[in-house]
Structure formats: structure tokens, C-alpha cells
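These notes are about the structure you will find just below.
For reference, positions follow the sequence shown, starting with 1. Atom set for the values below is all heavy atoms of this structure, side chains included, hydrogens, waters and symmetry mates excluded.
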Amino acid sequence: MAIEELVNQNYKHFSESDRAVWAYLSKHRSECAEMAIKKMAQKCCVSHSAVMRFAQRLGFHGFAELKLYLKMDEQKVTAHNELTHICDLYQNVMNSMCEKDCDSLFDAFDRAKQCYIFGEGMVQASIKKEFKRIFMSAGQILYDVPSGEEMYNLVPMTGSEDFCILISVSGENKKIVEIARKLRIRGGTLMSITKNRENTLSHLCDFCLYIDESNYFETPIHWQYESTTSYFILIDILFFKYLDYRQRKETEHELG
């Protein structure tokens, strides 16, 4: 699991000191992987114990284990070419989704009175369409919320029994983040799909799914291309995990 995912999972519990440590660490990973805890504390303008608490907040026993984690992350093999790199991205999302326990997510999804899916932009529109299409085959109907003012108009109609999926590549789209904050107040269950980075949208959601960062590739006509296939792989695997979840629940019900 990437450290950004650990941060997103625990960010709501961060203290001001935790945020200060993360702000420095996120920009100086290589240095922090070799740094003594005393020097780290000085760089972050926090106490020695605050750095230790930050590491423990992320699930590590201490700062030494956090440093080892950072070193292992730095030692990952870099791609030799664009094809290798993009194949690695696809493999990473497959591995991450196959290992992820989604039962609590599916519990909330199945209990929901209504399911809504939000997103703004061409890429997000394609992802929303695929999400709707594939889950419809399992009898789950998702309401595709149009972008623009209709997103805001729908918020007062949602409630604590609803499940809302929010898609933002960066996790920082201002409208989507604002909608998430409003939905949070309404009490619904929120799930985000973003790139695997520390981002505002993930902090606001109950469940977070990620794809790895991808680079922009220059095409022969000098356009900048970024693959979006990882999102569709994520949705496909999520769907098959949902089918497995439903099968297990039906078996448990039959066994009484």
C-alpha cells in the first residue's frame, strides 16, 4: 500500500503536528528515509514524540519502521519504457483491487436507498457510464448526476440512507470537493475514486479507491496522452468482487 493511501485513511485523525510532519515528508521522501528522528523533528518544527506519533498513526511501530517503508518505496524498479510503465500501472491496480477487502463497502452499497454517481469532465463521464452499465447487470441502478448546477440541486434530495460515488482524477476538483462536503453534512455514505495521492476528496469519503499515477506520453503528432484504462480495470474487478460478495451472502442466508 502506498504511503498516500495510509495518509488518506488516517487524515481525519491527524493533529496539527501530524499535518506538519506529512507536509515536510511528502516533499522530501528520500531525505526523510535517511534522517534521524531528532533532525526530522527539527525540520518539521515539532517535538521528537510528535514524529513518533505520526509514524504510529499510520500503523508503524515507530519512526524506524516508517523510514524502512520509505526506502523500500524508493527502491521500486522504474519502468524502462512507456509500454513497460503502462503495463506496470495496470498490474498495480489489479493487485491492489484483488487484495482489497471491500465487504464493508458492499454492505453500505446494498443497504442504500439510492445510489448516485458524481463526476465532472469527459474522462469522468466515461467512467460514470461504465460504472452504471456494468452494475446494472447485477440489478444495481445508479443515478448518473449531470455536471453543472444539477449536481447542487440534487444534494438537498439526498439523505443518510444514500450511497454516493464521487470521481475526480486529482481528488481536488473544486466542485466535486464542495459537493462532497455538502453530502457529508446530509449524512450519506461517500466513496471516492481518485489517483493514488493524498487529496482532499479522499479525506471526506468513507471508502476510497485508487489508481496509480500515470505519466503523460507524447504522441507522434505531439499531443499529450494519459491512459485512463486503469479506471476501467478497477471498476471491472470491483464488479467481480461484488458478485463474489453477493454469492457469499446468499450462501450464508441459505445456511441460516
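- The cluster map of Ile, Leu, Val, Met, Phe, Trp and Tyr, joined by side-chain heavy atoms under 4.5 Å apart, puts L201 and F14 in different clusters.
- The CD1 atom of I211 sits 8.5 Å away from the OG1 atom of T194 when rounded to the nearest 0.5 Å.
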Check the pair H203 / E198 against side-chain contact (heavy atoms from CB on, under 4.5 Å), numbers first and verdict last. CA-CA 8 Å; H203 299 164; E198 189 253 326; 2.8 Å; yes
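- You'll find the side chain of N173 stays beyond 4.5 Å of the side chain of V177, heavy atoms only.
- With hydrophobic clusters built from ILVMFWY side chains whose heavy atoms lie under 4.5 angstrom apart, I235 does not share a cluster with L190.
- At least one donor-acceptor pair under 3.5 Å links the side chain of S170 to the backbone N or O of E172.
- Paired with L238 under the rule side chain to side chain contact (heavy atoms under 4.5 Å, CB included), one option of I233, I193, I134, L209 passes, and it is L209.
- The minimum heavy-atom distance between D18 and R53, with the atom names listed, is OD1-C, 4.3 Å.
- Using a 30° and 60° split on the angle between ring planes, F118 and Y116 fall in the tilted class, from 30° to 60°.
- Between Y143 and I117 there is no side-chain heavy-atom pair separated by less than 4.5 Å.
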After noting the C-alpha distance and the side-chain angles of Y90 and S227, does the key distance pass the side-chain hydrogen bond (donor to acceptor under 3.5 Å, both in side chains) rule? CA-CA 10 Å; Y90 299 159; S227 174; 2.8 Å; yes
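- Classification of the F109-Y242 ring pair by plane angle, with boundaries at 30° and 60°, yields perpendicular.
- Atom CD of residue E5 and atom CG of residue L58 lie 12.0 Å apart, to the nearest 0.5 angstrom.
- The existence of a salt bridge linking R184 and D206 is confirmed by a sub-4.0 Å separation between a basic side-chain nitrogen and an acidic carboxylate oxygen.
- Pairs engaging residues 95-104 under the side chain to side chain donor-acceptor pair (under 3.5 Å) rule: Q91-N95, D103-R248 [sequence neighbours left out].
- A cation-pi arrangement is present between R19 and Y11, with the terminal nitrogen or guanidinium carbon under 6.0 Å from the aromatic centre and inside a 45° cone about the axis.
- Side-chain atoms of Y231 and V93, non-hydrogen and from C-beta on, never get closer than 4.5 Å to each other.
- With hydrogens and angles left out, the side-chain atoms of N8 and Y210 include a donor and acceptor closer than 3.5 Å.
- More than 12 heavy atoms of other residues, nucleotides or ligands lie within 6.0 Å of NZ in K12, so this atom counts as buried by the packing criterion.
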Donor-acceptor pairs are to be reported for all side-chain atoms of residues 150-167 against protein atoms at under 3.5 Å, with residues two or more places apart or in another chain.
| unit_1 | atom_1 | unit_2 | atom_2 | d |
| --- | --- | --- | --- | --- |
| Y152 | OH | E178 | OE1 | 3.2 |
| N153 | ND2 | E149 | O | 3.4 |
| T158 | OG1 | V155 | O | 2.7 |
| D162 | OD1 | Q114 | N | 3.2 |
| D162 | OD2 | G159 | N | 2.8 |

Verdict with supporting geometry, C115 and F135, side-chain contact (heavy atoms from CB on, under 4.5 Å): CA-CA 11 Å; C115 296; F135 274 86; over 6 Å; no
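- In summary, the side chains of Q140 and D110 do present a donor paired with an acceptor at a separation below 3.5 Å, with no hydrogens or angles considered.
- The closest donor-acceptor contact from the side chain of N10 to the backbone of H13 lies at 3.5 Å or more, if one exists at all.
- Annotation: the span from D212 atom CG to N92 atom CG amounts to 4.5 Å, rounded to 0.5 Å.
- Nearest heavy-atom pair across C32 and L25 is SG-CA, 3.8 Å.
- Note that SG of C208 is 7.5 Å distant from CG of N199, once rounded to the nearest 0.5 Å.
- For K132 (side chain) and I141 (main-chain N/O), no donor-acceptor pair under 3.5 Å exists by modelled atom type.
- The shortest heavy-atom contact between S168 and Q124 is CA-NE2, 4.4 Å.
- Between M122 atom CE and S147 atom OG the span is 12.0 Å, to the nearest 0.5 Å.
- For the pair L66/F54, a side-chain contact is recorded, criterion being any heavy-atom separation below 4.5 Å from C-beta on.
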Give the intermediate values and the outcome of side-chain contact (heavy atoms from CB on, under 4.5 Å) for residues E34 and K67. CA-CA 7 Å; E34 303 293 341; K67 290 204 303 178; over 6 Å; no
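- No chain of hydrophobic side-chain contacts below 4.5 Å, direct or via other Ile, Leu, Val, Met, Phe, Trp or Tyr residues, connects V123 to I176.
- H253 places no side-chain N or O within 3.5 Å of a backbone atom of K249 that could act as its donor or acceptor partner.
- With sequence neighbours excluded, the residues forming a side chain to side chain donor-acceptor pair (under 3.5 Å) with H61 are E65, listed by chain and number.
- Taking 4.5 Å as the limit, every side-chain heavy atom of I127 sits out of range of all side-chain heavy atoms of T228.
- In the hydrophobic cluster analysis, where Ile, Leu, Val, Met, Phe, Trp and Tyr join through side-chain heavy atoms closer than 4.5 angstrom, Y245 is grouped together with L243.
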Verify side-chain contact (heavy atoms from CB on, under 4.5 Å) between E31 and Y24, making sure each step is shown before the conclusion. CA-CA 10 Å; E31 295 174 32; Y24 183 83; 3.4 Å; yes
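- Using a 4.5 Å cut-off on side-chain heavy atoms (C-beta onward), K241 and C102 make contact.
- Note that CG of L70 is 10.5 Å distant from CE of M35, once rounded to the nearest 0.5 Å.
- Hydrophobic cluster membership differs between M136 and F239, with clusters built from Ile, Leu, Val, Met, Phe, Trp and Tyr side chains linked at under 4.5 angstrom.
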Would you check, one step at a time, whether the test side-chain hydrogen bond (donor to acceptor under 3.5 Å, both in side chains) holds for S47 with S49? CA-CA 5 Å; S47 66; S49 58; 3.1 Å; yes
